[in-house]
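As the structure is a prediction and not an experimental result, all values here were calculated from the model. Just so it is clear: chains get the letters A, B, ... in the order the sequence lines come, proteins before strands, and each one is counted from 1.
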Number of protein chains: 2
Amino acid sequence: MPLFRAVKRALLQALESGVIAPGEALPSERELALCFGVSIGTLRHAVDELVAEHILVRRQGRGTFAATHNADRFLFQFFHVERRDGLREAPRVELAAFERVRIDDEDVADALGIRVGELAFQVDNRLLLQGRAVVHDRITLPANLFRGMTEKRFRERPSTIYQLYQSEFGINVVRVLERASAVGADRLASRMLGVLPGTPLMQVRRTALGFADKPVEYRVSNINTAQHDYVSLHAKPA
Amino acid sequence: MPLFRAVKRALLQALESGVIAPGEALPSERELALCFGVSIGTLRHAVDELVAEHILVRRQGRGTFAATHNADRFLFQFFHVERRDGLREAPRVELAAFERVRIDDEDVADALGIRVGELAFQVDNRLLLQGRAVVHDRITLPANLFRGMTEKRFRERPSTIYQLYQSEFGINVVRVLERASAVGADRLASRMLGVLPGTPLMQVRRTALGFADKPVEYRVSNINTAQHDYVSLHAKPA
DNA sequence: TAGTGGTCTAGACCACCTG
DNA sequence: AGGTGGTCTAGACCACTAC
């Protein structure tokens, strides 16, 4: 294994274990290089990769920081709905239901790497853009990863959902896998989005992964694409 | 502007102008560094970015090559439909129609950066996976970029569509922007995909960009997601 | 064996930010 | 002024590939 990758693993370990907390500054690159016994170039190579994965954030003149799940990161990395004319706007999120359930869907269990019958929290949210319901999310969280989760804590989170996971449960969503298809609106979606049953909707099934690609959340989004699009981020690199 | 970015631009210029043709090897990194008058580290920084954008391909021990549009690149970078169980397979592409048209849709003209009324080629393809029609594509190509295009050349292309653009018209698709929504199948889609009119389909609108982000193709894909998904590539970096 | 890219070093100097 | 990341240098050695 290349040295820079070993350094990267060590940094990831420090982040995962909480030795470096979200939002905290890392030691300077010179210090880190000294501490790991590598040259500054090698240290930077490792950090470069973590920055590309949005796990670390560099700020010139200030330092390198463990990324936090703030509103901007949500909007630009994890929210993929945009008005057709390209306007990207943070949604208003309304909690519609919060339940403790036993997972009964094999696909959900598979995605989360657990078994049917295990306990989970199931959260339904309605997302509004410019006052109109556009998305219905059903989020499934493995109960054993979110011990102490309550409707109150979920509802009264100060910031984004992933920020809640990060600050209250030590769970860092690092990236997501998404698969989409078109479906006709079912009763629930019809009611939540105010469309006729059978209306074509986009259904996005997301598995959110933490460090080491551990699944931490499964989410099914039903999107009313009458005036909005799902935007695939093949964003410009560099 | 940083030096490595100037080097990157020079390399891009060499690729765009055909000084380095697709599939050709670049001079070695040592030679290039010497030629540009920069250190090997700086040269590599520039090349690293182009590799990340899939414009160059490194092969250890062999050299660095200008990327070609082969079947693999199509499948893994530009084809986003997968069977629900995760099987990714190259589609069989059937040419359904080839016409010279005047662009009458403002959205299409906007996407291509040209005006309504300009000449274009419009190609309809049907994509089959395991013998079943899953996707209908309507491709629009600005006529002034594809001088000499004929149905015969399109139909008898030896490899992928983007390979045809690259080898016959000197047009390199570098990346694509995609926006998706759900629609009910119209008459055409219904016939091409063998589904009832109104069946929910995913519609993906793609703008393909060449060097300098110049739009070179607009494509609308209607996807029957009964057994397949559209997969968003938030692929694992590194 | 010779040539390529992949990794790594041990610095230097600059631009930027904060006190 | 002092510290941070951003860029750049001029090499070295290694692993891989082809002949």
Below 4.0 angstrom from OP1 or OP2 of dA18(D), is there any side-chain N or O of R62(B)?
yes

Validation row, ring centre H69(B) to ring centre Y165(B) under 6.0 Å
no

Under-4.0 Å salt bridge between E53(A) and R175(A):
no

Let me know the distance between CG of L32(A) and C1' of dT4(D), rounded to the nearest Å.
12 Å

Pick one: which of V173(A), N172(A), I161(A) meets side-chain contact (heavy atoms from CB on, under 4.5 Å) with Q166(A)?
N172(A)

Need the bend value for the helix from dT1(C)-dA18(D) to dT18(C)-dA1(D): angle between end axes, 5 pairs each end, nearest 10°.
10°

Earlier contact from the 5' end, DNA chain C, for V38(A) and Q60(A):
V38(A)

On DNA chain C, does the nearest nucleotide to H45(A) precede the nearest nucleotide to R30(A) from the 5' side, or the other way round? Give the residue.
H45(A)

Interface limits on DNA chain C, where chain A has a heavy atom under 4.0 Å of a nucleotide atom:
dT7(C) to dT18(C)

Cation over ring, R59(B) on F65(B), under 6.0 Å and within 45°?
yes

Please evaluate residues I223(B) and H136(B) with respect to the criterion side-chain contact (heavy atoms from CB on, under 4.5 Å), reporting the C-alpha separation (whole Å), side-chain torsions for both, the decisive distance (0.1 Å), and the verdict.
CA-CA 7 Å; I223(B) 308 170; H136(B) 169 237; over 6 Å; no

Check the angle between the aromatic planes of Y230(A) and Y230(B) and answer parallel, tilted or perpendicular using the 30° and 60° thresholds.
perpendicular

Let's see if you get this right: which residues in residues 64-72 of chain B place a heavy atom under 4.0 Å from DNA chain C?
T64(B)

Please check this pair: side chain of [X] against backbone of [Y], looking for a donor-acceptor N/O pair closer than 3.5 Å.
X: R126(B); Y: V135(B); answer: no
X: E89(B); Y: Q130(B); answer: yes
X: R153(A); Y: L164(A); answer: no
X: R73(B); Y: Y162(B); answer: no
X: R58(A); Y: V51(A); answer: no

Using the closest heavy atom to pick a nucleotide of DNA chain D for each, name whichever of G41(A) or R59(B) lands nearer the 5' end.
G41(A)

